[in-house]
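Scroll down for the structure; my scribbles are underneath it.
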Amino acid sequence: MNNPQTYDALVIGGGATGGGAALDLALRGLHVALVERADLTDGTSGRYHGLLHSGGRYAVRDPESARECIEENRILRRILPHAIEDTGGLFVATPDDDPAYADTWVAACRACGIETEEISIGQMLKAEPALNPASTRAFRVPDASCDSFDVLSALAAAVQALGGTVLTYHEVVGLHLADGRVVGATLRNRRTGEEQRIDAAVTINAAGAWAGQIAAMAGCPVTVRPNKGTMVAMAYRFVNTIINRCHLPGDGDILVPVGTVAVIGTTSVNVPDPNVTSTEAWEIERMLDEGEKLVPGFSQVRALRAWAGVRPLYEEGGSAQGREAKRTFAVLDHSQRDGVAGLVTVVGGKFTTYRLMAERAVDVACAQLGVTTACQTQEFVVPDVRTPSERPKPHHLGLRLAEVEEAAADRRTPPNALICECELVTRKDVERAVSAHPDVVAPWVLDDLRRDLRLGMGPCQGGFCGYRATGILHELGQVDAGQATAALADFAQRRWKGMQPLLWGQNLRQALLDEQIYRGILGLEK
Amino acid sequence: MTYTPELLEDIRRTADLCVKCNICTTACPVLPTTNLFPGPKYVGPQAQRFRDPTQPSPDHSLDYCSGCGVCTQVCPHGVKVMEINTAAKAEMRTERLRKTPLDPKLWRDTIFGYNEALGQVGGLVAPLTNFLMNFGPARMIAEKTLGIDHRAPLPRFHFRKFRGWFFGQHQREKAPTPPGAPKVAYFHGCATEHYEQSVGRAIVAVLEHNGFEVLLPEQNCCGLPMQSNGNFAGARRYANALLRKLAPYAGQGIPIVVGGTSCGLELKSDYREILGIHTAEARIVAEQVYDISEFLWLLHEGGRLKTDFRDQGGRYIPVHTSCHQKLHRIGRPALDLLGLVPGLTVEEMGIDCCGITGTYGYKHEKYDIAQQVGQPLFDKLRASGVDQAICDNETCRWNIARSSGLQVVHTMQVLAEAYGVAEG
Ligand SMILES: Cc1cc2nc3c(=O)[nH]c(=O)nc-3n(C[C@H](O)[C@H](O)[C@H](O)COP(=O)(O)OP(=O)(O)OC[C@H]3O[C@@H](n4cnc5c(N)ncnc54)[C@H](O)[C@@H]3O)c2cc1C
Ligand code: SF4
Ligand code: SF4
Ligand code: SF4
């Protein structure tokens, strides 16, 4: 093992909470390392529904979460404009929902400080013609959609810019204790198997659904209840506003336009192990059935990809499960709770409240270190790494097309071929991402580029861009033919996993065409 | 009535059917001629996923789509690429009008949309208009200010209008209509009214020869020029006005025949698919509209078409089936009909598009592209060694005539001649 590197603080978990904690620490002047066992957002953060909650969903049953959501919603719009699209949200009472619930809901929202505005069904249909015209009531709320890949890449870049270290594909396999204190961790490189040690004065455990496993490494019992939710991405945005059913939260009752797709979700299933992210046929069926209630014709749109994420539900001393469990979060100071200093666990919550969770956890960690600098993340606008600019532009759907179109219309710029046509990823984008990648020989390199660039996320699910990107990877010279082939096989296999539960209609045709390309023409075998 | 969800009625939804196979990319006639156009798959189903109705249109390259519809024809998955493009062009125009309201190209596109009014005004002072339109310096000015290419084929204006002939001289001179003759309504469109009476006269002659009573409904421009120049509001106004005029005929089950292939397509499908007019009028009119050749061929299949053609003595005429005619999806009834004429050989040239597609090739920045698209056709026609060709679409006819040097006529003109009913 190499000599240990020493940091003020170690953050475990490259999800929103960990990324947020690392930036918070760095902004308070601490030397920080963020470690993640896979790529950033590989956990729940990269599998979430994409909704920056207004809090409306929780107002009736969980007002504390609702309040946290609306406050953070306002802050995140300010500090991460480039990752957030101000789609606005609608709560809609479909014919399947009790119209009277809306009154309870409106009162609860008011109590939590969430603005709602009732609009007529005519106005609703004018804004969103695809919605069920038989709906009885509709309300506007300040929901937004938020791309977690964009958030995490910006957080990580900001941490690095402040002198911090971000290590992906490094798994924490053990914590080091000295005199009842956590003083560091052993990391294992996922590709090479090499181990290395990191020493840190304090460790923040932001491993989400895996937080119990990390805490256990220090002998602290933390029971996180993993709860799986399945989502289905429909191939295009037939709504441009976030649509919530106005009823008590249930399955498949939110439709989120994010990027180029509309995502319906979710289910809520307790699972024994947070690594379970397979989707089941009944879940897909339920999503389509519920979608049909919101948008007649829904199930005839191409379902592009299904996936699942695992909620890190946690209630100190509580036993509520699934949707009954609160969506608030907990910060566990293990020195007080378990007599283990140098370790703070932060778990539960929402993507929307990541910043607040990070702030609270870092407050505790700083108290242990005797650092008194105040949190700055409320004000710090996280720079956009993809298109850096003084005043980051809020994200909107047409932005990417506008960029590509403007570049093409400007005769001075050399032609820049599209590699991923569905998601408008250019050759230059791919080249830049490849050269920025820390470990291009890793077989999962294309999947990392996907999170960076949205490569392969469109209707053909990598059928055409996969091999083109592989060609560029090889052309740039750091990857030999064998490695390039392995990368392509890995990518195709992952895309296939998401398409497999949805093999009917147009997606089936697409899958067969992709299969012909990869197995028939290129001779890739499973 | 079964309820069709809004979602499924929208033509833009067909973008969802695209499997990215690139078949349309290889078929698009504009793509190979210029770097400025990224092709149907890109501007159609792909870009469509990025178009947010609440945001300004981000499109530029879409402008180079000619609207020929070859992409829609070849797509094996039912993506209505050309229709998607047309709808997106309307959004693009709205955005341009907002951003650069003084851009002369926008004025030009607006003017092209009003070709019916142009025909009316231009006709009043026909000699002057014709002089100016053939007068080099005037054309150069039009090119510099409005971007109307000085080489583009403009039609000749006439004082005398087709309707004037029909209700005047023709009613006086024609043979009396036999009692109980079946009725057919004729939509002649603006080109026939203002520039090409001879086409209308031939159609009337052929129909009357076959024992029909030809009715001439009140009519106005179908709105296609506005639609293809991105002015949907204007196009819808024209469309609804025309539907009101034609619906009473359709309602009585009187078939409506159309000579221009683009006008016919507009009435048959574009009103609903592109302009989103889903009224009862639009439906009943669409059900009664026939391309004139389609109508006559169906008549022939029912054994009711007269075949007393004169032998043409070994005449050969090359035919260009316009891109919009192919979009009717009715086969090639014009070729079938001409095939009935003894001693006449016709040959389909097999070229997708002549390049002009409505007003596209008139625009200075697109003239060269359009010429390149049509070049194989012009070459083939010239090589044929004959001096006459057939094409059933107005602007295509003028374009091919100008670029190949051949005289180009409508199928019905040849047929009328073969029946011996053409006027001198
Ligand atoms: C189906 C679903 C839909 C959701 N939708 C929404 C929504 O719309 N809006 C919203 O606000 N919230 C939503 N949530 C909740 C939200 O996604 C999560 O609360 C949030 O993403 C959790 O982030 P996190 O950083 O705490 O955990 P994670 O993102 O899971 O991060 C933990 C990371 O730790 C890493 N890790 C684990 N073990 C180790 C180890 N040994 N060494 C190193 N790293 C390790 C994991 O790989 C993982 O990346 C949703 C959740 C689910 C399941
Ligand atoms: S539009 Fe049709 S032809 Fe073109 S790529 Fe898509 S599926 Fe293929
Ligand atoms: S309509 Fe014609 S020019 Fe336009 S994309 Fe289709 S094939 Fe190409
Ligand atoms: S398509 Fe027909 S009716 Fe419409 S403008 Fe042309 S000639 Fe006139």
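Here is the naming used below: chain letters follow the sequence lines, and residue numbers restart at 1 for every chain. Hydrogens, waters and symmetry mates play no part in the numbers below; they use all other heavy atoms, side chains included.
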Say whether B/Lys363 and B/Asn229, considering side chains only, have a donor N or O and an acceptor N or O under 3.5 Å apart.
-> yes
Can you say whether B/Asp59 sits under 4.5 Å from chain A via the side chain, the backbone, both, or neither, judging by heavy atoms?
-> both
Measure from NZ or CZ of B/Lys41 to the centre of the six-membered ring of A/Phe464 and say whether it is under 6.0 Å with the direction within 45° of the ring axis.
-> yes
Part of A/Leu418 within contact of chain B (heavy atom distance under 4.5 Å) = side chain
Per-residue contact mode, A/Glu423 against chain B (heavy atom under 4.5 angstrom) = both
Could you tell me which of A/Ala402, A/Cys422, A/Gly458 has the largest number of non-hydrogen atom pairs under 4.5 Å with chain B?
-> A/Cys422
Between the side chains of B/Thr279 and B/Arg244, is a donor N or O closer than 3.5 angstrom to an acceptor N or O?
-> no
Side chain, backbone, both or neither: which part of A/Leu513 has an atom under 4.5 Å from a heavy atom of chain B?
-> side chain
Relative to chain B, which segment of A/Arg302 carries a heavy atom at a distance below 4.5 Å: side chain, backbone, both, or neither?
-> both
Do A/Ser54 and A/Asp143 have a side chain donor and acceptor closer than 3.5 Å?
-> yes
Of the listed B/Lys20, B/His77, B/Arg49, the one with the largest count of heavy-atom pairs under 4.5 Å with chain A is B/Arg49
Check ion pair A/Asp514-A/Arg509 (N to O, under 4.0 angstrom) = no
Would you kindly say whether B/His60 and A/Glu405 are connected by a side-chain donor-acceptor distance under 3.5 Å?
-> no
Given that the side chain runs from C-beta out, which part of A/Glu128 has a heavy atom under 4.5 Å from chain B: side chain, backbone, both or neither?
-> neither
